[in-house]
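Below: the structure, in structure tokens.
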Amino acid sequence: MQASCGGMELRPALLAWYRRNARDLPWRGTRDPYAILVSEVLLQQTRVEQARGYYARFLAAFPDLNALAQASEEDVLRVWAGAGYYRRARNLHRLAQAVAKTGLPAAPAELEELPGIGPYTAAAVASIAFGKPVAAVDGNVRRVLARLFTVDVPSARWLQETAERLLDRAGPGVWNQALMELGSLVCTPKRPACATCPVARFCQGKGAAERYPLPRARRRTAVSATALVLKGAGGYVLERRDGRVLGGLWGFPLAEGKGAREHLLSRYGLASARPLGTVEHAFTHKKLTIRVYAAPWSGPDEDPNARPLSVLDGKILALAERGPGP
DNA sequence: AATACGGGGCC
DNA sequence: GGCCCAGTATT
């Protein structure tokens with residue numbers, strides 16, 4: 001960045017703004033690398049306000065690497081339940097078991113070898129917890145850089161190089177957070193506040209923010225599914241999911257597509273079941289419409305309150321307890 | 001480079 | 001109902 005003629009340069013301008021406007025977030029008050037790691041994993045594709053509660057809850061349950069390493073996977077998932085992307089919890093658990101003895105590595109390359117740690121989280125932890133001079137590029141930084149330099153489809157390589165060039169090597173952790181905070185509070189996806197932006201005079205995309213970066217293509221397909229509510233003496237029949245979706249969590253017997261109902265009935269040796277209602281649940285990539293059927297059950301069952309359930313299965317549980325509605 | 005992967009909040 | 005978030009792993 002060139003020194004400006006009549007004012008401050010970009011770096012001090014952003015840092016001055018950050019000092020005055022940084023939100024008081026719980027993970028900003030700690031130097032504990034483990035706590036910072038937990039916050040960063042929780043923040044993967046998750047809004048700050050949503051992550052707040054889970055952060056407090058997770059650290060209360062597992063205050064350090066050893067506590068997490070010694071917990072059962074199911075306990076970890078129970079605390080994580082509702083936060084989504086459950087692979088994150090299972091990876092964090094595995095990570096703790098891998099480094100409980102040695103402690104977290106400080107080098108980004110070593111961090112990135114750990115399960116669930118990609119380029120962003122490795123850079124964030126290395127810079128914020130260990131002061132390493134590496135740029136952390138998240139969705140906020142991507143948007144800020146695309147607008148600063150009017151790049152409509154920024155590649156991962158360009159983003160990393162540009163962020164490294166801009167990085168304040170004297171205080172990389174604060175710098176990375178300042179850039180993200182700007183994207184979160186000022187340089188927002190819709191209607192950015194260019195009029196009050198501390199770096200507007202350095203920004204080539206000011207006033208045409210909607211063009212930088214261009215929105216990514218997405219689609220969500222509609223999928224029908226069937227769930228089975230088998231109520232026994234002590235709870236319900238719950239299965240431990242082992243697929244990619246909701247892996248490790250427990251839930252009602254569920255199957256997608258045609259013949260799902262017959263498939264489930266035969267799995268439990270049932271001739272019929274009565275319709276209980278419908279549950280809708282949207283994932284990032286598909287929208288599920290689940291027809292829920294109920295039947296009596298006298299075999300082994302599970303207490304749903306004692307098992308980690310996803311929000312989806314919470315909806316089915318609510319329907320089961322409420323009975324067929326109006 | 002493209003796709004799968006949860007949930008919540010905002011317009 | 002669409003959009004998108006302090007992304008990662010897999011293909």
Just checking [X]: base, sugar-phosphate only, or nothing, at a heavy-atom cut-off of under 4.0 Å?
{"X": "A:R191", "result": "nothing"}
{"X": "A:G82", "result": "sugar-phosphate"}
{"X": "A:T121", "result": "sugar-phosphate"}
{"X": "A:W27", "result": "base"}
{"X": "A:I117", "result": "sugar-phosphate"}
{"X": "A:F283", "result": "sugar-phosphate"}
{"X": "A:A51", "result": "nothing"}
{"X": "A:I128", "result": "nothing"}

Straight-line distance of A:E181 CD to A:R28 CZ, nearest 0.5 Å: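 One gets 4.0 Å once the value is rounded to the nearest 0.5 Å.
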Rounded to whole angstroms, how far apart are [atom1] on [X] and [atom2] on [N]?
{"X": "A:W80", "N": "B:dG7", "atom1": "CH2", "atom2": "C1'", "value": "13 Å"}
{"X": "A:Y55", "N": "C:dC5", "atom1": "OH", "atom2": "C1'", "value": "19 Å"}
{"X": "A:R142", "N": "C:dG7", "atom1": "CZ", "atom2": "P", "value": "11 Å"}
{"X": "A:L145", "N": "C:dA6", "atom1": "CG", "atom2": "P", "value": "15 Å"}
{"X": "A:L246", "N": "B:dG6", "atom1": "CG", "atom2": "C1'", "value": "7 Å"}
{"X": "A:N140", "N": "C:dC5", "atom1": "CG", "atom2": "P", "value": "7 Å"}
{"X": "A:Y54", "N": "C:dA6", "atom1": "OH", "atom2": "P", "value": "17 Å"}
{"X": "A:L43", "N": "C:dG7", "atom1": "CG", "atom2": "P", "value": "8 Å"}

5′-ward residue of the pair A:S155/A:Q45 relative to DNA chain B: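 On the 5' side of the pair lies A:S155.
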Closest to the A:K286 side chain, choosing from B:dG8, B:dC5, B:dG6: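 When the side chain of A:K286 is considered, B:dC5 is the closest of B:dG8, B:dC5, B:dG6.
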Which nucleotide in C:dA6, C:dC5, B:dG6 has an atom nearest any side-chain atom of A:R143: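 The closest nucleotide is C:dC5.
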Sidechain N-carboxylate O distance under 4.0 Å for A:E161, A:R165: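 Looking at A:R165 together with A:E161, the answer is no, because their closest N to O distance does not fall below 4.0 Å.
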Lys/Arg N to Asp/Glu carboxylate O, A:K286 vs A:E256, below 4.0 Å: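 The answer is yes: the pair qualifies as a salt bridge.
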Taking atom types as modelled and ignoring hydrogens, do the side chains of [X] and [Y] form a donor-acceptor contact shorter than 3.5 angstrom?
{"X": "A:Y120", "Y": "A:Q44", "answer": "no"}
{"X": "A:T289", "Y": "A:E280", "answer": "yes"}
{"X": "A:E321", "Y": "A:Y236", "answer": "yes"}
{"X": "A:T46", "Y": "A:R88", "answer": "yes"}
{"X": "A:N140", "Y": "A:S184", "answer": "no"}

Sidechain-backbone polar pair: A:Y34 side chain, A:A96 backbone, donor-acceptor under 3.5 Å: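 Checking the backbone N and O of A:A96 against the side chain of A:Y34, no donor-acceptor pair under 3.5 Å is found.
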Donor-acceptor pair, side chain of A:D301 and main chain of A:G234, under 3.5 angstrom: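 Here the side-chain-to-backbone pair exists.
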Separation of the P atoms in B:dC11 and C:dA6, to the nearest angstrom: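 Result for the P pair: 15 Å, nearest Å.
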Nearest-angstrom distance, C1' atom, B:dG9 to C:dT8: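 Pairwise C1' distance, B:dG9 against C:dT8, rounds to 23 Å.
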Polar side-chain contact A:T284-B:dG6 base: donor and acceptor under 3.5 Å: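 Such a pair is found, so the answer is yes.
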Donor-acceptor pair (no angle test) under 3.5 Å: A:S310 side chain, B:dG7 base: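 Check fails, no donor-acceptor contact within cut-off.
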Does the side chain of [X] get closer than 4.0 angstrom to OP1 or OP2 of [N] through an N or O atom?
{"X": "A:T46", "N": "B:dG6", "value": "no"}
{"X": "A:H281", "N": "B:dG7", "value": "yes"}
{"X": "A:Y85", "N": "C:dA9", "value": "no"}
{"X": "A:H285", "N": "B:dA4", "value": "no"}

Atom pairs under 3.5 Å: protein N/O with N/O of nucleotides 1-3 of chain C:
residue : atom : partner : partner atom : Å
C:dG1   : OP2  : A:K287  : NZ           : 3.3

Aromatic contact, A:Y268 with A:W297 (centres under 6.0 Å):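 Ring centres of A:W297 and A:Y268 closer than 6.0 Å.
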Strand contacts (DNA chain B) in residues 105-116 of chain A, 4.0 angstrom heavy-atom criterion: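 Per residue number, the list is empty: none.
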Residue pairs passing the salt bridge (charged side-chain N to carboxylate O under 4.0 Å, His left out) test where at least one lies in residues 55-77 of chain A, sequence neighbours excluded: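 Applying salt bridge (charged side-chain N to carboxylate O under 4.0 Å, His left out) to every pair that reaches into residues 55-77 of chain A, excluding sequence neighbours, yields A:E73-A:R90, A:E73-A:R240, A:E74-A:R78, A:E74-A:R307, A:D75-A:R78.
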Position toward the 5' end of DNA chain C (nearest nucleotide), A:P119 or A:P189: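 The residue mapped nearer the 5' terminus is A:P189.
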